Amino acid sequence: VTGGAYSSELVEALQLANTLANTLLKRRRRDGMIELNLPEVVLEFDDDGHVKDAHPEDDAFTHRIIEMFMVEANEALARTFAGLDIPILRRTHPEPKFGDMEELRLFARSVGVSMPEEPSREDLQRLLVATKESESARAVHFAVLRTLTQATYSPNEIGHFALASDHYAHFTSPIRRYADLVVHRQLKSFLRGEEWVHSEDD
């Protein structure tokens, strides 16, 4: 980058990244990915450390491009180890075990969406899409979040319900998350051809 001018190679790479991210997003939506509209709030502080303002986090599609590529990398890594006798720490999100659905049904009725006793992934998607741009979006999407099972780390090949993924492992943030660092170490050992030895207690 020179004097604010961007090279044609960079522009072309960014355009390709945008196209690929949109393609990945369409595929994940088709597969049933659960998209919650719960934007983070960014706080601004003055020089004395007091909060002076609050505003929604930047939601430019550039963030989505990075997210789509990271999710794809995480999934590709988990698929690589699927079926191998080498346990890795996966990010698992079991299917929901629905309990009291009255609050969610109430929200759904208010926007004209029927919600069965045990809604399918498609039922949840339909409700989320119907309310995405409405004033009740945060309340409805938070109610959906409360019905979902909590995601955990496990060596079991359970899959990730919200991402509609059969294999998923956190891999892309080894500096920020210890789970990612563990997976990096496992991948490095695998690529080096090192034998994985574990006891019955592992």
Side-chain angles (χ1 to χ4, degrees), residues 14-15 17-46 50-75 90-153 158-170 172-173 176-177 179:
L14 291 174
Q15 288 173 338
N18 182 66
T19 300
L20 289 172
N22 273 291
T23 301
L24 291 171
L25 182 57
K26 285 177 185 174
R27 191 197 77 206
R28 292 199 170 279
R29 284 174 172 163
R30 186 191 66 227
D31 290 346
M33 177 178 71
I34 302 296
E35 290 184 88
L36 297 172
N37 185 18
L38 295 169
E40 298 283 336
V41 174
V42 177
L43 302 178
E44 286 188 29
F45 299 88
D46 61 22
H50 299 113
V51 176
K52 66 176 183 179
D53 199 3
H55 53 83
E57 187 179 47
D58 177 18
D59 63 349
F61 192 74
T62 48
H63 296 281
R64 208 70 196 269
I65 291 174
I66 296 168
E67 177 194 347
M68 287 296 100
F69 289 171
M70 289 176 71
V71 167
E72 201 69 16
N74 289 338
E75 198 174 52
R90 296 170 182 274
R91 184 65 170 170
T92 63
H93 188 220
E95 292 194 14
K97 292 187 173 73
F98 296 109
D100 183 8
M101 293 284 296
E102 194 50 46
E103 180 184 47
L104 189 58
R105 277 202 207 88
L106 188 63
F107 280 129
R109 278 198 300 270
S110 71
V111 293
V113 177
S114 61
M115 195 62 54
E117 289 283 334
E118 294 190 4
S120 66
R121 188 194 306 276
E122 291 73 23
D123 292 323
L124 294 175
Q125 272 187 310
R126 195 168 65 254
L127 175 60
L128 293 172
V129 170
T131 57
K132 186 176 181 181
E133 304 298 332
S134 71
E135 292 182 0
S136 58
R138 191 170 186 86
V140 174
H141 288 228
F142 187 70
V144 170
L145 176 63
R146 288 176 57 187
T147 69
L148 299 178
T149 311
Q150 187 173 7
T152 59
Y153 289 103
I158 295 173
H160 198 293
F161 177 82
L163 290 173
S165 176
D166 292 331
H167 301 284
Y168 197 73
H170 277 165
T172 49
S173 298
R176 188 164 60 92
R177 288 189 297 239

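Fair warning: this is a prediction, and the values are worked out from it, not measured in the lab.
The CG atom of Leu25 sits 8.0 Å away from atom CD of Glu67, with the distance rounded to the nearest 0.5 Å. Atom-to-atom distance recorded for His141:NE2 and Lys132:NZ is 8.5 Å, nearest 0.5 angstrom. Taken from CE in Met70 to CD1 in Ile65, the straight-line distance is 14.0 Å, to the nearest 0.5 Å. With rounding to the nearest 0.5 Å, the separation of NZ in Lys26 from CE in Met33 is 13.0 Å. Atoms CG and CD, from Leu145 and Gln150 in turn, are 10.0 Å apart once rounded to the nearest 0.5 Å. Rounded to the nearest 0.5 angstrom, Thr19 OG1 and Leu24 CG are separated by 11.0 Å.
Between Tyr153 and His170, some side-chain heavy-atom pair lies under the 4.5 Å cut-off. Within the 4.5 Å cutoff, no side-chain heavy atoms of Phe69 are placed close to those of Thr172. At least one side-chain heavy atom of Ile34 sits under 4.5 Å from a side-chain heavy atom of Gln125. No side-chain heavy atom of Thr149 sits less than 4.5 Å from a side-chain heavy atom of Phe161. Two residues are said to be in side-chain contact when any heavy atoms from C-beta on lie closer than 4.5 Å; Leu127 and Val144 meet this criterion. Taking 4.5 Å as the limit, every side-chain heavy atom of Asn37 sits out of range of all side-chain heavy atoms of Leu128. Counting only heavy atoms from C-beta outward, the side chains of Leu124 and Leu104 approach each other to under 4.5 Å.
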Test side chain to side chain contact (heavy atoms under 4.5 Å, CB included) on Val71 and Tyr168; report intermediate values, then the result.
CA-CA 8 Å; Val71 167; Tyr168 197 73; 3.7 Å; yes
Does the side chain to side chain contact (heavy atoms under 4.5 Å, CB included) test come out yes or no for Val41 and His55, once each step is laid out?
CA-CA 6 Å; Val41 174; His55 53 83; over 6 Å; no
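Looking at Arg126 and Asp123, a side-chain N of the basic residue comes within less than 4.0 Å of a carboxylate O on the acidic one, giving a salt bridge. For Glu72 and Arg27, the salt-bridge test passes: some basic side-chain N is under 4.0 Å from an acidic carboxylate O.
Heavy atoms only, all atoms of each residue included: Ala54 and Leu43 are closest at CB-CD2, 3.7 Å. Looking at every heavy atom in both residues, Asn74 comes nearest to Ala169 through CB-O, 3.0 Å. In plain terms, the two heavy atoms of Asp31 and Ala164 that are nearest each other are O-CB, 3.5 Å.
Side chain of Glu122 to main chain of Gly32: no donor-acceptor pair is present (N/O by atom type, distance under 3.5 Å, no hydrogens or angles). The main-chain N or O of Glu44 is never found under 3.5 Å from a side-chain atom of Asp53 such that the two would form a donor-acceptor pair. With Asn22 contributing its side chain and Asn18 its backbone, the two residues share a donor-acceptor pair below 3.5 Å.
The neighbour count for Phe142 CZ, taken as heavy atoms of other residues, nucleotides or ligands under 6.0 Å away, does not exceed 12. For Arg146, the CZ atom sits in a loose shell: 12 or fewer heavy atoms of surrounding residues, nucleotides or ligands are nearer than 6.0 Å.
Looking at His93, Glu75, Arg91 one by one, the single match for side-chain hydrogen bond (donor to acceptor under 3.5 Å, both in side chains) with Ser165 turns out to be Glu75.
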